[in-house]
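Note that the coordinates shown come from a computational prediction; the quantities given were computed from them, not determined experimentally.
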Amino acid sequence: MVKFNRFTLDNGLRVIVHEDKTTPMAVLNILYDVGARDENPEQTGFAHLFEHLMFGGSVNIPNYDEPLQRVGGENNAFTSNDITNYYITLPAVNIETAFWLESDRMLSLAFSEKSLEVQRNVVMEEFKQRYLNQPYGDVWLHLRPLVYKNHPYRWATIGKELSHIENARIEDVKAFFKKHYNPQNAIMVVGGDIDTERVKQLANKWFGSISAGEKYNRDLPQEPLQQQARRQIITAKVPLNSIYIAFQMPGRSDDSYYITDLISDLLSRGNSSRLYKNLLKENHIFSEIHAYMTGSFDTGVFVLDGKPLPGVTMEDAEAAIWEQLTILKNEMVPVDELTKVKNKTESTMVFSETSLLDKAMNLAYFELLGDADLINQEAGHYLNVTAQQIKQQAQALFTKENSSTLIYLAEPC
């Protein structure tokens, strides 16, 4: 059970406090309700670019890392298609330094042509290294637009194409910041050896005077139900052929999320999972095979991907995957197999609650979903899933009409 207190500043900043006196450390986590889905289709990659720009210094603090290192702190951030998250961990006695740093860059991030140029080059290099010049690096650059035709999930967080970052102008960057990086679009979680009254004082002192900004009302084009199988074949300089089969699935807040998550575990979690046991260990069809899902806020994606062993045709590999999905659709999962997967999921969640940073990030995430207390209800949702629900969800998800298949062929030597 994760206990917490919450309050909201007059400018709309939601603050959650998790008191934990068992550690001398503290964490300050700020989640901004902005991700790649909120970008202009002609200016993609901006949310991720901001993850870099936010460390470029603010008007009053030109070097973000230096004062943090002086008080024994560390920081990092990540961007997804749905959210952007920044966090600081440091000794609890120095928590005010974290308030000072985060409030100053929310209030007055330093925008300069030089800073933009530096970070733009960093992101462009990342785009080239991780997505264009790495084997299989561009998979999601192909898979997303295959699955999504309307929704902005059709591009990755890095952006749709390199030119969007290359041509990013200072006025566009400033406008994106003003629109999304303000108190009423943020959730702050403070955890560790602190007390709620102290956090209230610091929050009002450092964030209270920041303007709320204009309210951003998200109105995104939603993805219609897929009703026809899609397919794409790519030839590239990769060591092995690879196959990706993607299925549209309901969003993160849908009740079926937990059922679908357990399906991915049944198929692909550990050496006793179905795909590993049947397609890799016993029948020697794949050298590796995985099942996972994106967990997106809006329409998500359930993906199966594998690399067939040399000598196995793509047709046989694809048929083997569909055979496993058909079994899930037609046969009840044995009680002991489902119980084992549930127990693994529960133990993972319990373990994550031992990490102060994980708790802070999860509290912010669930607050954005609707209520931070959802963190305490997650395990119950998984434990309540039945074999009948697994079968019904498999029947709903795994149809040819709902599939998008990407075949990745290695260029002949």
Backbone of Lys329 reached by a side-chain donor or acceptor of Gln395 within 3.5 Å | yes

Salt bridge between Arg120 and Glu117, side-chain N to carboxylate O under 4.0 Å?
-> yes

Gln43 (side chain) donor-acceptor with Ala168 (main chain) under 3.5 angstrom = no

Sequence neighbours excluded, which residues qualify as salt bridge (charged side-chain N to carboxylate O under 4.0 Å, His left out) partners of Lys359?
-> Asp20

Check Asp336, Val341, Asn343 against Thr339 for a side chain to side chain contact (heavy atoms under 4.5 Å, CB included) and give me the one that passes.
-> Asn343

Minimum heavy-atom distance between Leu116 and Arg169, given as atom pair plus value | CD2-C, 4.0 Å

Test side chain to side chain contact (heavy atoms under 4.5 Å, CB included) applied to Ser80 - qualifying residues, sequence neighbours left out | Asp82, Ile83

Lys178 NZ: over 12 foreign heavy atoms closer than 6.0 Å = no

Pair Glu39-Trp155, side-chain hydrogen bond (donor to acceptor under 3.5 Å, both in side chains): steps then yes or no | CA-CA 10 Å; Glu39 296 163 348; Trp155 57 82; 3.0 Å; yes

Pairs touching residues 302-317 that satisfy side chain to side chain donor-acceptor pair (under 3.5 Å), sequence neighbours left out | Tyr292-Asp305, Thr313-Asp316

Please state whether the rings of His381 and Tyr258 are parallel, tilted or perpendicular, taking 30° and 60° as the class boundaries.
-> parallel

Mark yes or no for whether Asn283, through its side chain, and Ile285, through its backbone, hold a donor-acceptor pair below 3.5 Å.
-> no

Walk me through it: do Asn150 and Gln222 pass the test side-chain hydrogen bond (donor to acceptor under 3.5 Å, both in side chains)?
-> CA-CA 6 Å; Asn150 286 26; Gln222 293 304 300; over 6 Å; no

Does the pair Lys179/Asp38 count as a salt bridge with the N-to-O cut at 4.0 Å?
-> no

Check step by step if side-chain hydrogen bond (donor to acceptor under 3.5 Å, both in side chains) holds for His48 and Thr157.
-> CA-CA 6 Å; His48 176 250; Thr157 52; over 6 Å; no

Does any pair with a residue in residues 129-141 pass salt bridge (charged side-chain N to carboxylate O under 4.0 Å, His left out), and if so which ones, sequence neighbours excluded?
-> Glu126-Arg130

CG/Leu275 to CZ/Arg269 distance, rounded to the nearest 0.5 angstrom?
-> 14.5 Å

Thr294: what forms a side chain to side chain donor-acceptor pair (under 3.5 Å) with it, not counting sequence neighbours?
-> Ser296

Thr84 side chain vs Val34 backbone, donor-acceptor pair below 3.5 Å | yes

Under 6.0 Å from the CD atom of Gln228, do we count more than 12 heavy atoms belonging to anything else shown?
-> no

Do other residues, nucleotides or ligands put more than 12 heavy atoms under 6.0 Å from the NZ atom of Lys21?
-> yes

Considering only heavy atoms from C-beta outward, does the side chain of Ser404 approach that of Gln226 to under 4.5 Å?
-> yes

Under the side chain to side chain contact (heavy atoms under 4.5 Å, CB included) rule, collect the residues that match up with Ala212, sequence neighbours excluded.
-> Asn11, Gln184

Counting only heavy atoms not in Glu161, do more than 12 sit closer than 6.0 Å to its CD atom?
-> yes

Would you please say whether a donor-acceptor pair under 3.5 Å links the side chains of His290 and Glu288?
-> yes

Around atom NZ of Lys340, are there more than 12 heavy atoms of other residues, nucleotides or ligands at under 6.0 Å?
-> no

Ser112 side chain to Ser115 backbone, donor-acceptor under 3.5 Å = yes

Contact summary for Tyr87 and Asn29, nearest pair of heavy atoms | CB-OD1, 3.4 Å

Taking the side chain as C-beta and beyond, is there a heavy-atom pair between Ser103 and Ser209 under 4.5 Å?
-> no

Check: His52 side chain, Val122 main-chain N or O, donor-acceptor pair, under 3.5 Å | no

Electrostatic pair Asp265-Lys344, nearest N-O below 4.0 angstrom = no

Pairing residues for Glu318 by the side chain to side chain donor-acceptor pair (under 3.5 Å) criterion, not counting sequence neighbours | Arg231

Quick one: side chain to side chain donor-acceptor pair (under 3.5 Å) partners of Glu337, sequence neighbours excluded?
-> Arg274

Atom CG of Asn330: over 12 foreign heavy atoms under 6.0 Å = yes

Asn5: partners by side chain to side chain donor-acceptor pair (under 3.5 Å), with sequence neighbours left out = Thr196

Within the 6.0 Å centroid threshold, strictly below: Phe297 and Tyr365 = yes

Does the ring of Tyr153 carry Arg37 above it, NZ/CZ under 6.0 angstrom from centre and within 45° of its axis?
-> no

Ring center gap for His180 and Tyr32 short of 6.0 angstrom | no

Can you list every pair that meets salt bridge (charged side-chain N to carboxylate O under 4.0 Å, His left out) and has a residue in residues 365-393, with sequence neighbours left out?
-> Arg6-Glu367, Arg6-Asp371, Arg14-Glu367, Arg252-Glu378

Taking every non-hydrogen atom, the tightest pair across Leu363 and Ala372 = O-CB, 3.7 Å

Above 12 or not: heavy atoms from other molecules or residues under 6.0 Å from CD of Glu214?
-> no

Around atom CD of Glu74, are there more than 12 heavy atoms of other residues, nucleotides or ligands at under 6.0 Å?
-> no

Side chain to side chain contact (heavy atoms under 4.5 Å, CB included) involving Thr386 - partner list, sequence neighbours excluded = Gln388, Gln389

Over all heavy atoms of both residues, which pair between Thr260 and Phe302 is shortest? Give the atoms and the distance, please.
-> CG2-CD1, 3.5 Å

Side-chain donor or acceptor of Asn133 paired with backbone N/O of Lys128 under 3.5 Å | yes

Exercise: do Tyr64 and Glu102 side chains pair donor with acceptor under 3.5 Å | yes

Side-chain donor/acceptor of Asn167 to backbone N/O of Ser163, under 3.5 Å = yes

Counting N and O atoms only, with roles assigned by atom type, does the side chain of Thr44 sit under 3.5 Å from a partner on the main chain of Gly159, one being a donor and the other an acceptor?
-> no

Smallest heavy-atom separation, Lys342 atom then Val385 atom, equals NZ-O, 2.5 Å

Answer whether the closest heavy-atom distance between the side chains of Arg230 and Thr405 falls below 4.5 Å.
-> no

So which heavy atom on Ala394 is nearest to which on Ile263, and how close?
-> N-CD1, 4.0 Å

Side chain Asp254, main chain Pro250, donor-acceptor under 3.5 Å | no

Would you list the atom pairs, donor with acceptor, under 3.5 Å between side chains in residues 237-248 and any protein atom, with sequence neighbours excluded?
residue, atom, partner, partner atom, Å
Asn241, OD1, Ala410, N, 2.8
Ser242, OG, Tyr244, OH, 3.4
Ser242, OG, Gly306, O, 3.3
Gln248, NE2, Val147, O, 3.4

